[in-house]
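Everything numeric in this text was worked out from a predicted model, so none of it was measured. Side-chain atoms are counted along with the backbone in the values below, which use heavy atoms only and exclude waters and symmetry mates.
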Amino acid sequence: MPYADRWTTVRVEIDEGIAWVELNRPEKRNAMNPTLNAEMVEVLMALDADDACGVLVLTGAGDAWSAGMDLKEYFREVDGGPEHVQRKVRRDAALWQWRLLRTYAKPTIAMVNGWCFGGAFTPLCACDLAVAANEATFGLSEINWGIPPGSLVSRGLAETVGTRAALLYIMTGRTFDGRKAAELGLVNWSVPREKLRDEVESLARELLEKNPVVLRAAKLGVKHAQTMSWDTAEDYLYAKLEQSQFLDEERGREQGLAQFLDDKSIRPGLEAYKRGD
């Protein structure tokens, strides 16, 4: 499915199963305006339906991942306008940045190549995994503008790095780099900028080797169970296990058990089962 020039603020390229999704407003450090938010809803919907996409990588053009919300286009130009326009602008932003991305059917990786500020923390926290450049700069500067972080930034950050760490950066507006982001757990790890794409591609290829049905059940199980009681979570996770067996056409559990117990050809703690056997 061709995606070249389909959107004006987002670029999409699929390469052997990996969808490279690039926020493309480099002159604005990829700040998220109403157009970008609406287009990202379309992008996520399109890639969800595209079997050529197995893993989605979200990054930014130029030297920024995203500088957050476009203060001029998202706030000032919308404030005082028709109420239905304000509702749509907020709905599109929340829809792609959290509701769609957090429980996306396919694995998602944030490739943080540079500046990541303010509202950009929401999609960052919503992605399943994240790798940053050592040189990337993170910050929640809203306190310096006389406002608290908007939308789900505070909730997403506290859930990802813990309350104390979240409050430090929310209350002070301090910035930090990719190494610190890895130390906090905001990203899984960081590498020098010149190695970032290769590192992320290697991770994406590793995910592509996994059983997609089981991978989806595993990641959604983690995300949904966090908000449940222990008893409810136990029941839900068993249900996801049974659902994955029902939906899995390649019968991964059966193959894995046979290769381990009968053929003794794999060591599950150290290697994956051989798909297609």
Going by atom types alone, do W96 and N37 pair a side-chain donor with an acceptor below 3.5 Å?
yes
Using links of under 4.5 Å between side-chain heavy atoms of ILVMFWY residues, direct or through other members, which residues join W230 in one cluster?
none
Give a yes or no on whether [X] atom [atom1] has more than 12 heavy-atom contacts from other residues, nucleotides or ligands under 6.0 Å away.
X	atom1	answer
R253	CZ	no
N24	CG	yes
M171	CE	no

Just verifying a value: how many Å separate [X] [atom1] and [Y] [atom2], rounded to the nearest 0.5 Å?
X	Y	atom1	atom2	answer
Y236	L241	OH	CG	12.0 Å
I266	Q255	CD1	CD	9.5 Å
L23	T9	CG	OG1	8.0 Å

Would a 4.5 Å heavy-atom cut-off, applied to side chains only, mark [X] and [Y] as touching?
X	Y	value
T59	L196	no
K180	R174	no
L157	L124	no
F117	T137	yes

Return the orientation label for the F121 and F138 ring planes: parallel under 30°, perpendicular over 60°, tilted otherwise.
perpendicular
Quick check with a 6.0 Å cut-off and a 45 degree axis cone: is R155 positioned over the face of W98's six-membered ring?
no
Could you name each residue pair satisfying side chain to side chain donor-acceptor pair (under 3.5 Å) that touches residues 120-134, not counting sequence neighbours?
T108-D128, D128-K219, D128-K223, N134-S190
